[in-house]
Structures are given as structure tokens and as C-alpha cells.
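A short worksheet on the structure shown next.
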Amino acid sequence: ITWKVFTFLLAFFITSCALFKAEKTFSKKGLTVTFRSINALDDIQHLRFLYPIILSEKQVLNHLLSLWHNNIDSPGKPKPVFSIQEGAKLAPLFKKALKQVETGKYLNFEFQSSKGLIEGRVFATAKKLHWHFLKIHDEKFSNDPLRIRKPTWKLVRMPGQTYQKLKSGSFIKIVKNRIIANINLPLPKQR
């Protein structure tokens, strides 16, 4: 009996290791990308992911320059997530990384900008690019309606962009740290 249990546990351990392969991570010019399993994302049951994600450098640059945010408590003028210089530096890196995203994965990224850490996720569905931001300029996203945690920032929609909507029964929640954008975005006029 002990050999059967031992054999079963050994087989279980080997298959578990195969399922939990190490994540691939690459870093260059302040950008760190990690290819993670889509199982870590929420509300993706109805989405059809697009692989490979092939975009031109211009398309990626237009996306990066179209990402803006604003303070929630004291809104002033919206500010870009990435500067023009950062966008120009990051566009070829994102283009290459997005092309390498394998089936069942999404791209997690961290960029150390001059204003602080920017952290987020990006993946593609048919004709759409999904941007989820967790942190902008060292500040974590918080928009707690009960104000238990102080609200921080929200993304600002540009033409061709919408917020992600999460459905729970008949309740719809608009998530303002997630932008869904048309793959072919024009260069934003605010620049």
C-alpha cells in the first residue's frame, strides 16, 4: 500500500510541477514584462483572446500616448500615464513583447518612469486592446465607494476607448482603472 501511495504522490507532484511552470520575465530600458496565465484575470469568461498580438510600433505608440489619468478627489487637468519620450522608448519594446504572448497568457508590465512605478496588464481580444492599471507613478488604484481606503486616480477615456464593465446579476460596475481600446487608435489630439 505504501508503494501505491508513494507512486500516486510522486505522479501528482510531477504533474503539478508541469502545470505550474515558471513565468517568463524580461527586462529592458526600465520595462519589465512577465507572461502570466489568463486564469489570474477576473471576468474573462465571455472574452475571446487574440493570439499572437501583432501591432505596428505606431499602433502601440498611439495606445501609450492615449492613456491618461486624473485624481479622483481633487480633479484638475488630466495627465498622461506615459510621456511622449517614454512612449517612444516603450513602443518598440511593447510591440516585441506583445508579439511573444502565448495562448493562455497575458502581459503583465512594470515601468520605472521618472515619476514613479507604473504597473499594469495588457491583452487583446478581437479588434480591442485591454489595459488594466494597478499603479501609476507609485500610487495604487483605489476608488472605494465607502471611502475606507482613500480614492486615488482613475483613467480618463479618449476617443476609441471605454471603461471595462463588470456584471454581477443585474448590477453593472464600471471599473475606471481598466480601458478597452480599439486596436487602431489614432494619435490623441491633446498631445
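As a basis for the values below, the full set of heavy atoms in this structure was taken, side chains included, without hydrogen atoms, waters or symmetry mates. As the structure is a prediction and not an experimental result, all values here were calculated from the model. Numbering starts at 1 and runs along the sequence shown.
We find the CG-CE distance between L67 and M158 to be 8.5 Å, quoted to the nearest 0.5 Å. Rounded to the nearest 0.5 angstrom, L185 CG and L129 CG are separated by 8.5 Å. In this structure, the separation between OG1 on T162 and CD1 on I179 is 7.0 Å, given to the nearest 0.5 Å. Remark: K165 NZ to F171 CZ distance equals 13.0 Å, nearest 0.5 Å. Going from atom NZ of K105 over to atom OG1 of T34 covers 10.5 Å, rounded to the nearest 0.5 Å. Between atom NZ of residue K96 and atom CZ of residue F26 there is a gap of 9.0 Å, rounded to the nearest 0.5 Å.
No side-chain donor-acceptor contact under 3.5 Å links E86 to the backbone of F111. A donor-acceptor contact shorter than 3.5 Å links the side chain of H63 to the backbone of I183. Without hydrogens or angle criteria, S142 side chain to T152 main chain gives no donor-acceptor distance under 3.5 Å. No donor-acceptor pair closer than 3.5 Å links the side chain of Y163 to the backbone N or O of K173. In terms of modelled atom types and a separation under 3.5 Å, the side chain of N70 and the main chain of P75 share no donor-acceptor contact. Proximity of a side-chain donor or acceptor of Y106 to a complementary backbone N or O of F49 within less than 3.5 Å is not detected. S113 places a side-chain N or O within 3.5 Å of a backbone atom of K115 that can act as its donor or acceptor partner.
No path of Ile, Leu, Val, Met, Phe, Trp and Tyr side chains, each step under 4.5 Å between heavy atoms, connects I118 with V175, placing them in separate hydrophobic clusters. Cluster membership for L98 and F123, using ILVMFWY side-chain heavy atoms within less than 4.5 angstrom, is shared. Linking ILVMFWY side-chain heavy atoms closer than 4.5 Å, directly or via other members, places L107 and L50 in a single hydrophobic cluster. Cluster membership for I54 and F35, using ILVMFWY side-chain heavy atoms within less than 4.5 angstrom, is not shared. Cluster membership for L134 and V33, using ILVMFWY side-chain heavy atoms within less than 4.5 angstrom, is not shared.
In this structure, W131 and F133 have parallel ring planes: the angle between them is below the 30° cut-off, well short of the 60° mark. Note on ring orientation: taking the six-membered ring where Trp is involved, the planes of H137 and H69 are perpendicular (angle over 60°, cut-offs 30° and 60°).
In terms of heavy-atom proximity, L61 sits nearest to A88 at CD1-N, 3.7 Å. In terms of heavy atoms, P186 sits closest to S66 at O-OG, 3.9 Å. A pairwise comparison of heavy atoms in V156 and P78 identifies CG2-CB, 4.0 Å as the closest pair. Heavy-atom minimum distance, S27 versus T32: OG-OG1, 2.9 Å. Considering all non-hydrogen atoms of both residues, L65 and P188 come closest at O-CG, 3.3 Å. D138 and K135 get closest at one heavy-atom pair: C-CG, 3.8 Å.
Checked by atom type, the side-chain pair K128/N182 shows a donor-acceptor distance below 3.5 Å.
By the 4.5 Å heavy-atom criterion applied to side chains, E102 and K24 are counted as neighbours. Contact of the L90 side chain with the F82 side chain is registered, since non-hydrogen atoms from C-beta on lie closer than 4.5 Å. Contact check for L155 versus I136: side-chain heavy atoms found under the 4.5 Å cut-off. The shortest side-chain heavy-atom distance between F94 and L31 falls under the 4.5 Å cut-off.
For K79, the NZ atom counts as densely surrounded, since its 6.0 Å shell holds more than 12 non-hydrogen atoms of other residues, nucleotides or ligands.
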For this session: Take N143 and K154 through the side chain to side chain contact (heavy atoms under 4.5 Å, CB included) test and state the conclusion after the steps.
Result: CA-CA 8 Å; N143 191 13; K154 65 179 180 179; 5.6 Å; no
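For the side-chain hydrogen bond (donor to acceptor under 3.5 Å, both in side chains) criterion with Q164, the lone passing option out of K176, H130, H132 is H132. Results of the side-chain hydrogen bond (donor to acceptor under 3.5 Å, both in side chains) test with N184 over K58, K127, Q59 single out Q59 as the only residue that passes.
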